[in-house]
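Quantities reported herein were computed from a predicted structural model and do not represent experimental measurements.
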Amino acid sequence: MRKIDIFDTTLRDGEQSAGVNLHFNEKVEIAYQLERYGVNILEAGYPASSEGDFRAVQYIARTIKGCSVTGLARSVQSDIDAAWEALKDGVDPRLHVFIATSPIHMQYKLKMSEEELIETAVSAVKYAKRFFPKVQWSAEDATRSDWDFLVEIITKVIDAGACVINLPDTVGYMHPEEYGSLFRYIREHVPNIDRVKLSAHCHDDLGMAVANSLAAIENGVEQIEGTINGIGERAGNAALEEIGVALYTRRDHYQAETSLDLSQTIRTSQLVSKLTGMPVPPNKAVVGANAFAHESGIHQDGVLKNKLTYEIIEPELVGLSSNRMVLGKHSGRHAFREKCKEMGLQLSEEAFQNLFKAFKDLTAKKKEVTEDDILTLLMNTNVQAKEERYELQFLQVAYGSTVVPTTTVGIKLPSGEVVQESATGKGSVESLYNAIQRVLDSEVKLLDYRIQSTTSGIDSLAEVYVKVNYHGQTSSGRGIEHDVLEASAKAYLDAVNRILFKEQYMQVQNKQSEEIKGVKAL
């Protein structure tokens, strides 16, 4: 069996999905889960893009020990320098450096000739090798590039020190046979190709990202890049969980395997879905709610007689289980701690105590607590950071089919003062948001509002996701409570607080920069 390395870019390419805005703590939580899932390379972000991304990549590189942490960089020294500062303390630091190679990118975006492009790419790889033991080079938009030009530039970046060559289908343009042919051509015509691993990175614009990735494996690729649930820009990336299960289920055909712990598949998928606010379609392969559901009478009859009639994947393989927790209001710290260990949660003592308190609060409202509930509580307690500026103190809603919905809220301001406001609306949610709007210092525009439950019971927690525009910036927010309206209020304030924290952080950074300039001037 050939070993296929899994390169996860959920925290970089995945976070570029429209409307996704992950907190620092949320990125770290996903990184921990990706480590448990067994990915080989974790692309934690683009360090040069912002101070926030730099801090997240740096912390993840210092914390994650079970896989190689990497960061993205353009073919410029400042990007490479920022990446090295963020990644140098990792157990296996590597750089992912890229430049576009297609004629349309060279002409309109880069405004470079082929000679200039080669010189830039080679210089970037040589410079990166001064710091990084491993350098991956990517030809952005490779699938619309001239194949002979790819041969020339790949040959030279390998000589410059690249150890992985990635040929992305950046715009999801290829079909499987064509993509496989590209890799065969490169393997046959690049004289020093034996010194590197080949990598595939596919987008899903035409719905063929997973198929293209598998075709690349059939044609000698040893590394596959993608994201959990296939999230990413536009139509997204190749879904890593689908590739992992496909290689396992059809190992007779592909003769290839990964290091993924497939029993962590559902948990990883759900965590990413909850933290990004991007729901998994019920009919999605492997992780969708209906992936193992059978409604047709013929199908049900067949499955009852022999699962293999209509199921080629055992639900237990991806972590689905009918086992239920027996934790409730009488459960103590020891039992709860053991359950957290069983779930693979890595918690500091402070984080454990916060989670246990949230658990006990929940047991006052719910008889039995599920693993989904614990994961939801974990995510909620993790994002309750000190930077929150507005905090919901209370709300009261008057609603009826013959009365105008009216909401009264009490909100704690950054100053510590609690302000009370009331408002009406066409519905209870609108009246709630109108009331909150009266407390805030400027207009908030609601762009998206979604609600879902953690489990199927009537005592399930409600999870509300919103996207707002505030102070000219767009942000997402999440609220989790038993009451839908309380969850809606917390989601709204969470989105606002994320923007305020970002503004506050940038003000501190700008002030420090001005102070540094002043010192230099002196």
Measuring from [X]:[atom1] to [Y]:[atom2], what's the distance to the nearest 0.5 Å?
| X | Y | atom1 | atom2 | value |
| --- | --- | --- | --- | --- |
| Asn212 | Glu177 | CG | CD | 11.5 Å |
| Ser475 | His23 | OG | NE2 | 7.5 Å |
| Gln16 | Arg234 | CD | CZ | 10.0 Å |
| Asp159 | Lys156 | CG | NZ | 9.5 Å |
| Asp5 | Glu222 | CG | CD | 7.5 Å |
| Arg187 | Ile165 | CZ | CD1 | 14.5 Å |

Just checking, any donor-acceptor pair under 3.5 angstrom between side chains of [X] and [Y]?
| X | Y | result |
| --- | --- | --- |
| Gln58 | Glu85 | no |
| Gln270 | Arg267 | no |
| Asn229 | Ser273 | no |
| Asp89 | Tyr59 | no |
| Thr143 | Asp169 | yes |
| Tyr254 | Arg2 | no |
| Tyr465 | Asp494 | no |
| Glu225 | Gln136 | yes |
| Asp141 | Thr170 | no |
| Glu43 | Thr70 | no |

Would you call the rings of [X] and [Y] parallel, tilted or perpendicular, where under 30° means parallel and over 60° means perpendicular?
| X | Y | value |
| --- | --- | --- |
| Phe336 | Phe352 | tilted |
| His201 | His203 | tilted |
| His96 | Phe7 | perpendicular |

Is the distance between the ring centroids of Phe132 and Trp84 less than 6.0 Å?
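Yes, ring centres under 6.0 Å apart.
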
Indicate yes or no: at least one non-hydrogen side-chain atom of Val28 is less than 4.5 angstrom from one of Thr63.
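No. Closest side-chain heavy atoms not under 4.5 Å.
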
Can you find a pair of side-chain heavy atoms, one from Glu140 and one from Lys109, that are under 4.5 Å apart?
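Side chain of Glu140 against side chain of Lys109, heavy atoms only: contact under 4.5 Å found.
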
Tell me whether the guanidinium CZ or amine NZ of Arg55 lies under 6.0 angstrom from the six-membered ring centre of Phe24 and within 45° of its axis.
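Yes.
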
For Ile228, the option from Val39, Thr276, Thr10 that meets side chain to side chain contact (heavy atoms under 4.5 Å, CB included):
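Exactly one candidate clears the test, Thr10.
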
Treating Gln255 as the side-chain partner and Arg251 as the backbone partner, does any N or O pair qualify as donor plus acceptor under 3.5 Å?
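Yes; judged by distance alone, with no hydrogens or angles, the pair exists.
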
Let me see the working for Asp261 and Arg36 under side chain to side chain contact (heavy atoms under 4.5 Å, CB included), right down to the final yes or no.
CA-CA 7 Å; Asp261 178 359; Arg36 286 191 286 269; over 6 Å; no

Arg478 and Leu275: side chain to side chain contact (heavy atoms under 4.5 Å, CB included), yes or no, with the steps?
CA-CA 8 Å; Arg478 183 178 68 252; Leu275 291 184; 3.6 Å; yes

